[in-house]
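Each remark here refers to the structure printed beneath this line.
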2 protein chains.
Amino acid sequence: MSAREQRQVASDTGLSKQRVVVEAFRLADREGVDGLSMRRLAGALGAGAMSLYHYVASKEELLDAMIDVVFEEIELPSEETGWQPAMRRRAVSARQVLARHPWAIGLMESRTSPGPANLRHREAVTACLRRAGFSVVMATHANWLLDSYVYGFALQEASLPFDTADELADLAEDVYLPQLPPDEFPYLNESAAALVAAGYDPAEEFIFGLDLVLAALEPLRTSA
Amino acid sequence: MSAREQRQVASDTGLSKQRVVVEAFRLADREGVDGLSMRRLAGALGAGAMSLYHYVASKEELLDAMIDVVFEEIELPSEETGWQPAMRRRAVSARQVLARHPWAIGLMESRTSPGPANLRHREAVTACLRRAGFSVVMATHANWLLDSYVYGFALQEASLPFDTADELADLAEDVYLPQLPPDEFPYLNESAAALVAAGYDPAEEFIFGLDLVLAALEPLRTSA
DNA sequence: TGACAGATCGTACAGCGTACGAGAATAGTA
DNA sequence: TACTATTCTCGTACGCTGTACGATCTGTCA
C-alpha cells in the first residue's frame, strides 16, 4: 500500500483529493466562493498552500470537482414511478441543493467539462425520459426545458438578497419601494405590495412553474 | 456647466461614467470577465487605474452598471401585439443578448441591486402580463417561469464549449464520446449521436421550449 | 544502508482591488 | 486678473490572489 493510498483511507490525518474538495465545498458554504482561496483552504486543512497542488492541478480543477460534489447531492430520478413524479422529485431536489449551496450556480457558467456525477445524472434523466416514451429529439427538448427552468430559478433565487419573509418585508419598505415611484412603476408597486402581504416561499413558487412545465411536456411523448 | 458635465458630453476626450462602463463592457466582450481588471480597463481608456474611481465607487458598482447596459440592449415587450408575441419577442431578444455577451449571465448571480434599465424592463413585462388579464399573483408566477427559462437557457448555452455545429462534431468525437462508455451511458451516446447527425441550433432549441411555456401560461389568464 | 519516489511547503513573482494623499486643472468670486 | 475652492488625475503602497520552482522531509524497497 503506497503512502498515498494510506492517506486516502486515513481521513483524519493526511490529505487526499477527497478531503481537499470536501473542505473547499464546506468553506464555500461558510464564506461564499469569494472567501475560498487556496491559502485559506490549506489553513482549514492544517496544511501549507502549495501542498494542495499535489491533489489538484489548479484551482479551476478544484472548482470543477466541487461542482461534481453538488451533483452527487442531487437525487437521481426514480425508476419506480411515472416519469412525471420522477422528474418532479429530481427537479425539486436539484433546486433544494442549489439553494443550499448558492455559490454553485454562479460557478456553472464557467465550468465546461462535466464530472462523473454530472454525467451519471444526465444519463439517468435521459433514460427516464426515453423509457417514458419520449423520442431522442423530444427527450433532448425536455432536458433543455427542465434544466433551463431549474438552473434559471436557482440563479434568480441565489440573487435574491433576502432569506426570510421578514427580511423581504424590511427590504421592500426600506430599499425597493423608495426607488420605485408609483407613477413610473405602477405594476412593480402593485407586485411588491402583494408580495409583502402574502409572503414569499421560493419552494412553492418553484413547484408552480415546474408542474406547468411537466404538464406541457406530457403531450410530447410518443407512446401513451 | 461643470467640468464634469462637459466631460460627459465630450465623449472623445476625457472620462465619464458612461465611457468607463461602455469600455468595460467592450473589454469583457473581447477578453471575458476574467480579463477585465481595473488596470487593463484604465489602459484601454488611456488613463491611470485610480482615475476610474472618480466615476465608479468600486469594481462591484462597475459590474452592476455593466449588467444594466445588458438590460438596455434587450427589447421591451411591444404594447401593440398580443401578450404571447410580445413576450416571445422579448424572450428571444434576451437570449440573443445574453448569448452575445456570455460573461453577463455569470455575473447575475452576484448582482443583488437591479439598475434602472432592469427595473424598466421588469415594469414593462409585468405591465404586459397584467394588461393581458393575468392577476397579480399569476403575473408573478409567469414572470418567474419565463425569466427562469431565459436565464437558465442562457446559462447552459454559455457553458457549452463550442460555437458551431462543426466544433460540436469535433468535440463529440474527440472528447465526449471517448469518456462515455456505451454500456454505462447508452442514452447519452444515443443523444450525442443524434445531436452530431442533426446539428444543433441553440436559437431553435430556445424557441421550442419557449413556445411550450407560453402555451402553458395561456390558461392562467383570468379574462379571455 | 542507500536509493528512490511520494508528499510537503517556503519563497517568490506577477497581478489584483483599492486606500491614501499629492498635484494638476478648472470654476467661481473679487 | 488674482485668489480660492472644487473637481479631477494618478503614483505609490498594502494586503491579497494563484501558482512556478525547488528544497526538504517521509516512507518503501533492494
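Sequence lines set the chain letters: A, B, ... in the order given, protein chains first and strands last, and positions in each chain run from 1.
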Inset, instruction - Measure the angle between the two terminal helix axes of the helix from C:dT1-D:dA30 to C:dA22-D:dT9, five base pairs each, and quote it to 10°. - result: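 Comparing the axis at each end, I get an angle of 10°.
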Inset, instruction - Just jot down the side chain to side chain donor-acceptor pair (under 3.5 Å) partners of A:Asp68, sequence neighbours excluded, or say none. - result: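 With sequence neighbours excluded, A:Asp68 shows a side chain to side chain donor-acceptor pair (under 3.5 Å) to no residue whatsoever.
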Inset, instruction - Using the test side chain to side chain donor-acceptor pair (under 3.5 Å), find all partners of A:Asn189 that sit at least two apart in sequence or belong to another chain. - result: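 If we apply the side chain to side chain donor-acceptor pair (under 3.5 Å) test to A:Asn189, skipping adjacent residues, there are no hits.
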Inset, instruction - Under 4.0 Å between any heavy atoms, over every strand shown, what does A:Ala42 touch: base, sugar-phosphate, or nothing? Just pick one. - result: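 Counting heavy atoms under 4.0 Å across all strands, no contact is made by A:Ala42.
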Under the salt bridge (Lys or Arg N to Asp or Glu O under 4.0 Å) rule, collect the residues that match up with [X], sequence neighbours excluded.
X: B:Glu61; result: B:Lys17
X: B:Arg90; result: B:Asp147
X: B:Glu75; result: B:Arg89
X: B:Glu72; result: none

Inset, instruction - Just jot down the side chain to side chain contact (heavy atoms under 4.5 Å, CB included) partners of A:Glu184, sequence neighbours excluded, or say none. - result: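 For A:Glu184 the side chain to side chain contact (heavy atoms under 4.5 Å, CB included) partners, ignoring immediate neighbours, are A:Pro181.
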Would you tabulate the pairs of protein nitrogen or oxygen atoms and nucleotide nitrogen or oxygen atoms of nucleotides 14-17 of chain C closer than 3.5 angstrom?
| residue | atom | partner | partner atom | Å |
| --- | --- | --- | --- | --- |
| C:dC16 | OP1 | B:Ser37 | OG | 2.9 |
| C:dG17 | OP1 | B:Lys59 | NZ | 2.6 |
| C:dG17 | OP2 | B:Met38 | N | 2.9 |
| C:dG17 | N7 | B:Arg39 | NH2 | 2.5 |
| C:dG17 | O6 | B:Arg39 | NH2 | 2.8 |

Legend entry - Pairs satisfying side chain to side chain donor-acceptor pair (under 3.5 Å), at least one member in residues 25-37 of chain A, at least two apart: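 Passing the test, one end in residues 25-37 of chain A: A:Glu23-A:Arg26, A:Asp29-A:His101, A:Asp29-A:Trp103, A:Glu31-A:Arg40.
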Legend entry - Where at least one partner belongs to residues 154-181 of chain A, residue pairs that pass side chain to side chain donor-acceptor pair (under 3.5 Å), sequence neighbours excluded: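 Side chain to side chain donor-acceptor pair (under 3.5 Å) check on residues 154-181 of chain A returns A:Arg95-A:Glu157, A:Gln156-B:Ser148.
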Grab the N/O contacts between the protein and nucleotides 23-25 of chain D below 3.5 Å, and write none if there aren't any.
none

